[in-house]
Amino acid sequence: MGKAAPKQTDDLEAMRHSLAHIMASAVQKLWPEAKFGVGPAIEDGFYYDIDLADKTISEDDFAKIEAEMIRIIKEDQKFEHSNQPIDAAIAWAKSSKQPYKEELLNDLKREGTTLASELNSSMMGLPAGISGVTPAKAEVGEVSFYKNGDFIDLCRGPHVASTGKAGAFKLTKVAGAYWRGNEKNRQMQRVYGVAFPSQKELDKYLEQLEEAKKRDHRKLGRELDLFVTSPLVGAGLPLFTPRGTVLRDELNKYSQELREQIGYQKIWTPHIAKQELYEVSGHWDKFGDEWLKVQSQESHDNLVMKPMNCPHHQQIYASRPRSYRDLPLKYMETTTDYRDEKAGELLGLSRVRAITQDDSHTFCTPEQIEEVLKALVIVVKDFYKVLGLPLKVRLSFRDESDSYLGDKKLWDKAQGIIQKVVEDSELEYYEGIGEAAFYGPKIDFMAQDALGRELQVATPQLDFIQPERFGLKYADKDGSEKTPVMVHFALLGSIERFLSVYIEHTAGRFPVWLAPEQIRIITVNQEDKTTKFAESILEKAKELSIRAFLDNDNESVGKKIRQAETMKVPYTIVIGEKEIESGEVIPRVRSDMEVQREHVSHKIEDFLGTVRNEVRSRVTKTSL
RNA sequence: GCCACCUUAGCUCAGCUGGUUAGAGCGGCUGUUUUGUAAACAGUAGGUCGUCGGUUCGAAUCCGACAGGUGGCUCCA
């Protein structure tokens, strides 16, 4: 590493943003017909959206682009700032055949600074505020430009002083990206790069990325024998093995226990329903073309595989008259929904076509909303604390578009309630404008996968719309008929998505209560005496509902230990002459588990008892 | 659905610019070994190179379509 490189975020932002310009200059040099969209700094680097008409950039072109970028960096071109009157800028865009820039400038002329916030958030596919790019400083009627070498770009800056100060970078990938994030617009090519102040930091980052790949839930899912996929079954339809099913069941059991404690009752509903049900709920209009349809030969019913459960649950509510005394009425059901996601939108377990939700619905009076939501937030906190999974909180609110049902005033009220609950619960949060469901605002609890992608897990959602549409009623104290409010809630979210995040978070090292295999019993030899003794331990463990497995293969002890460690089994005991004589074992603890590594001998019964208690109380740290 | 890329044995991967019978490690199976806390030794069986079609004297290798997958974009109740 040379002289102390700038380390402040601002400088890093400027470096990355400058590299976006340098990349654009390089591309323009190589393909002069290139038309440019936007090119901001992002979390680990930068990108630029490019339209090359006939030519498509592929990763094979990266070496060429990188070489040109390095040439520009070596030339140490100055980044020169200037402000131009907006009309002159538009004329520039026209004459230099940059239609995308021209469109931006025209919007800027028309809408002023609102464009800056658009550029800052939605254009980058990031929540507002993350980019940290400072807004335009140009005078009203003027726009800001930066120039390096022959390359001129509409840009708010800031930039480093010259191209030589842009730091270490590497182009990583190219992807299609719709102009202004709109599917109806032309798709441009987005070239991504990562960038850091020094080569050393860049190398470190790339190394971390390699490490993250080792935690990929798809890789671990295979290695730990948790789930598989089959082209014959179909895309986005994972199959869970015995071990993976243990995880699903244990997680669901805990999810249901916590909700049972705050009054949720289990219900059951079928997996298909008439299309009409969803026409009433409002889902059909919005999502109907993404569902799996089932045609009845007997009746003329148009049926669909259920894509969500709320309408079913509402029909149970609607099945008899309800009084305010019945409220809040709390139903829960863990069940699988089916959505025909478009091919390119499937992603490991986190986006599948058969989605198991630990769903629940609460019907309550408007006065009860706060209390209901608060109880749910506590459940979320408890659950994720035990799991050790850190969450971010997003308040998903509506935007000004017309894709939401219901009265705007009701929305404002609902969003206010949600915000209050989160603030009262002392949670840090950010707002996701435009992230609401069409029927109401949500609190989205977000977890991160190994690559840092944020995925929604737990989510309480407010809904004033559907109870209205289904004509749900309750008799209030004064005998008048009122419409209940509905609160949707899932604690795991979808079990599949939750597992994708959780497998990556733990790297497959599950706490003992969740581990598909809790104890592995390894025999030193295959003599009758040893086998019988080991089998008797296996039986005892099973009597205590411990998931124990016996490895009586004809292999060395070293190898069997290794295999147990590879499968991330929390406890391993070795059975040989010594153990048979003493009736005691020295348990071997999985290498990541924080426990004193003294080789303490335990009576076998005591050891099994300790493990059973650990499983029952769901403690995350072993007490051995 | 869109853009780029990937698909060779159960798994991880070799196989140079098209040239005979496609290789390795792990795993599996068989035998020897009876093992003391992260890999005993030997032998052996597994592949119509994702599928279909095309170019060519000749295709794992080049082209196309489809399927599955990866990273993005769009969408996400």
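Excluded from the calculations below are hydrogen atoms, water molecules and symmetry mates; all remaining heavy atoms, backbone and side chain alike, are included. Naming: A, B, ... by sequence-line order, numbering from 1 per chain. Owing to the predicted nature of the structure, the values given are computational and were not obtained by experimental measurement.
- Checked against side-chain hydrogen bond (donor to acceptor under 3.5 Å, both in side chains), Glu577(A) has the following partners two or more places apart in sequence or in another chain: Lys529(A).
- Applying the side-chain hydrogen bond (donor to acceptor under 3.5 Å, both in side chains) test to Lys55(A) and every residue at least two apart in sequence or in another chain returns Asp61(A).
- Nucleic acid contact for Ala177(A): sugar-phosphate only, since backbone atoms but no base atoms lie under 4.0 Å from a heavy atom of the residue.
- With sequence neighbours excluded, the residues that form a salt bridge (charged side-chain N to carboxylate O under 4.0 Å, His left out) with Glu276(A) are Lys274(A).
- Take Arg218(A) and apply the salt bridge (charged side-chain N to carboxylate O under 4.0 Å, His left out) test, not counting sequence neighbours, and it matches Asp216(A).
- At a threshold of 4.0 angstrom between heavy atoms, the contacts of Gly558(A) are confined to the sugar-phosphate backbone, with no base atom among them.
- Residue pairs meeting the side chain to side chain donor-acceptor pair (under 3.5 Å) criterion with at least one partner in residues 302-313 of chain A, sequence neighbours excluded, are Thr269(A)-Lys306(A), Lys306(A)-Asn309(A), Lys306(A)-Thr335(A), Asn309(A)-Asp337(A), Asn309(A)-Asp359(A), His313(A)-Glu333(A), His313(A)-His361(A).
- No N or O donor and acceptor, one from the side chain of Tyr178(A) and one from the base of G72(B), sit under 3.5 Å apart.
- Using a 4.0 Å heavy-atom cutoff across all strands shown, Phe438(A) reaches no nucleic acid atom at all.
- Among residues two or more places apart in sequence or in another chain, the salt bridge (charged side-chain N to carboxylate O under 4.0 Å, His left out) test is passed with Arg453(A) by Asp449(A).
- The residue Trp291(A) sits close to a base: some heavy atom pair falls under 4.0 Å.
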Seminar exercise, completed: Taking Watson-Crick and G-U wobble contacts under 3.5 angstrom, with | marking pairs to another strand and [ ] crossing pairs, the secondary structure of RNA chain B is written (((((((..((((.....[...)))).(((((.......))))).....(((((..]....))))))))))))....
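- The shortest distance between the side-chain N/O atoms of Lys442(A) and the OP1/OP2 oxygens of A77(B) is below 4.0 Å.
- Note on Ser58(A): every side-chain N or O is 4.0 Å or more away from OP1 and OP2 of A4(B).
- Taking a 4.0 Å limit (strictly below) on heavy-atom distances, residues 226-240 of chain A reaches RNA chain B at Ala235(A), Gly236(A).
- In this view, Glu517(A) and Arg243(A), Arg520(A) satisfy the salt bridge (charged side-chain N to carboxylate O under 4.0 Å, His left out) rule, not counting sequence neighbours.
- Scanning atom types as modelled, no donor and acceptor separated by under 3.5 angstrom connect the side chain of Gln189(A) and the base of G72(B).
- Ring centers of Tyr439(A) and His488(A): under 6.0 Å apart, within the cut-off.
- Note on Arg588(A): every side-chain N or O is 4.0 Å or more away from OP1 and OP2 of G36(B).
- A ring-centre distance under 6.0 Å is found for Trp411(A) and Tyr404(A).
- Nucleic acid contact class of Gln461(A) (heavy atoms, under 4.0 Å, all strands): sugar-phosphate only.
- In this structure, Arg520(A) reaches neither bases nor backbone, as no heavy-atom distance under 4.0 Å exists between it and the strands shown.
- Nucleotides of RNA chain B nearest to Arg218(A) and Gly434(A) differ in position, and the one nearer the 5' end is that of Arg218(A).
- Among the heavy atoms of the strands, none lies under 4.0 Å from Thr523(A).
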Using a cutoff of under 3.5 Å, can you pull out all pairs of nitrogen or oxygen atoms linking the protein to nucleotides 44-49 of chain B, with atom names and distances?
none

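- Across residues 493-503 of chain A, not one residue has a non-hydrogen atom less than 4.0 Å from an atom of RNA chain B.
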Table of protein N/O atoms under 3.5 Å from nucleotides 24-28 of chain B N/O atoms:
| from | atom 1 | to | atom 2 | distance (Å) |
| --- | --- | --- | --- | --- |
| G27(B) | OP1 | Lys559(A) | NZ | 2.8 |

